[in-house]
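Bear in mind the structure is a predicted one, so any value in this text is a computation, not a measurement. Just so you know, these numbers use all the heavy atoms, side chains as well, and skip hydrogens, waters and symmetry mates.
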Amino acid sequence: MDPKDLEAISSYLEEEAKMREQIREATSELEKKVRTMTGILNKVHGTPTAQFPELIASIQPYLGSVHENLETLTELVKPEEFWRVKDMWAKHLQSAVYVICMCEWLKTGKLATIDQVSKELGVKPEWQDRFVLASEDYLHGVISVTNELARLAVNAVIMKDFELPGKIYTFVKEIHSGFSLLNLKNDPLRRRFDSIKYDVKRIEEGKPAFPSLNSNFSDVEHSSFWPDGALP
């Protein structure tokens with residue numbers, strides 16, 4: 001093998017290793033911030049509905065600075081190499097999507113679209129060849145919302161909130177219907193989609209425990225929670 005070729009390969013591998021180490025460091029900072037936000041959001045299970053706005057407000061300082069971490073990652077990624085390295089931070093980004101979508105539902109009862117989430121994260125159009133919010137990462141975040149809302153439905157009853165579970169049931173059913181329209185070829189995503197069916201079942205199985213809610217589950221108005229632009 002030509003020594004020049006070996007030298008070029010060695011140089012490339014060194015640059016690759018350096019880039020990945022820098023990405024790992026930047027990703028570590030994003031992970032810490034996301035972990036803090038999800039920890040705060042987890043308090044929703046013991047928080048009365050009237051105090052949701054206060055809980056959401058406590059997350060905003062962390063969420064508002066996530067764009068700084070993403071900008072750092074963008075600077076490290078070479079043009080056209082995003083898809084080769086995105087898995088290094090995908091789980092943390094999915095968790096950030098979950099936080100944004102969960103907060104939006106707690107505020108409005110609606111699903112944040114992928115464009116809304118991208119804007120909230122501070123993703124810029126000029127980053128397109130180095131960083132984007134991929135559809136699968138958005139969908140993973142949405143599924144996490146349904147998983148957590150199913151848990152919230154149970155805890156809401158324990159706190160004697162007999163309206164919230166009905167709203168959650170309607171929303172989760174709508175999300176399940178929306179996912180059913182997608183041709184999911186991503187194996188991890190398809191497996192996680194199955195969990196939504198169990199979320200619906202989990203809420204339905206709780207109906208006999210609180211009879212006053214039975215009418216809510218059958219008569220609640222089914223508005224669309226997949227607004228224009230929500231489905232990737």
Less than 4.0 Å between a side-chain N and a carboxylate O, is that true for Glu148 and Arg151?
-> yes

Is the His176 to Phe193 ring centre distance short of 6.0 Å?
-> yes

Contact summary for Ser144 and Arg192, nearest pair of heavy atoms | OG-NH2, 3.1 Å

Apply the test side chain to side chain contact (heavy atoms under 4.5 Å, CB included) to residues Val145 and Leu111: give CA-CA distance (whole Å), side-chain angles for both, the deciding distance (0.1 Å), then the verdict.
-> CA-CA 10 Å; Val145 172; Leu111 176 65; 6.0 Å; no

Shortest non-hydrogen pair, Glu204 vs Tyr169, comes out as OE2-OH, 2.6 Å

Compare all side-chain heavy atoms of Phe179 with those of Ile143 and state whether any distance is below 4.5 angstrom.
-> yes

Residues Glu15 and Lys18 bridged, charged N to O under 4.0 Å = no

From CZ (Arg84) to NZ (Lys78), nearest 0.5 Å | 7.5 Å

Backbone N or O of Leu70 within a donor-acceptor pair of the Thr74 side chain at under 3.5 Å?
-> yes

Are His140 and Leu189 close enough that some pair of their side-chain heavy atoms sits under 4.5 Å apart?
-> yes

Student check: side-chain heavy atoms of Val142 and Trp105 closer than 4.5 Å = no

Any ion pair linking Asp199 and Arg202 (charged N to carboxylate O, less than 4.0 Å)?
-> no

Lys33 and Tyr62: which non-hydrogen atoms are nearest, and at how many Å?
-> CD-O, 3.4 Å

Indicate the atoms forming the closest heavy-atom contact of Asp137 with Ala90, along with that distance.
-> OD1-CB, 3.9 Å

Is any side-chain heavy atom of Glu81 less than 4.5 Å from a side-chain heavy atom of Met19?
-> yes

From CG (Leu152) to CE (Met102), nearest 0.5 Å | 5.5 Å

Got a sec: does the CD of Gln128 have more than 12 other heavy atoms crowding it under 6.0 Å?
-> no

Would you say Ser28's side chain and Arg24's backbone share a donor-acceptor pair under 3.5 angstrom?
-> no

Looking at CG of Leu149 and CG of Asn155, how far apart are the two atoms once the value is rounded to the nearest 0.5 Å?
-> 11.5 Å

Any side-chain heavy atom of Met37 sitting closer than 4.5 Å to one from Val66?
-> yes

Distance (rounded to the nearest 0.5 Å) between Leu93 CG and Lys86 NZ | 7.5 Å

Quick one: CG on Leu41 to SG on Cys103, what's the gap to the nearest 0.5 Å?
-> 5.0 Å

Looking at Ile23 and Val77, what are the two nearest heavy atoms and their distance?
-> CD1-CG2, 4.4 Å

Looking at Arg20 and Glu16, does any basic side-chain N land under 4.0 Å from a carboxylate oxygen?
-> yes

Which heavy-atom pair separates Tyr138 from Cys101 by the least distance, and what is that distance?
-> CE1-SG, 4.2 Å

With the side chain counted from C-beta on, respond yes when Glu71 and Trp127 share a heavy-atom pair under 4.5 Å apart, and no when they do not.
-> yes

Is the backbone N or O of Gly166 less than 3.5 Å from a side-chain atom of Thr170, with the two atoms forming a donor-acceptor pair by type?
-> yes

Identify all side-chain donor-acceptor contacts of residues 52-59 below 3.5 Å with residues at least two apart in sequence or on another chain.
residue : atom : partner : partner atom : Å
Ser58   : OG   : Leu55   : O            : 2.5

Spacing of NZ belonging to Lys124 relative to CZ belonging to Phe131, to within rounding of 0.5 Å | 12.5 Å

Who passes salt bridge (charged side-chain N to carboxylate O under 4.0 Å, His left out) against Lys197, sequence neighbours left out?
-> Asp194

Should the pair Glu31-Arg35 be classified as a salt bridge under the 4.0 Å nitrogen-to-oxygen rule?
-> yes

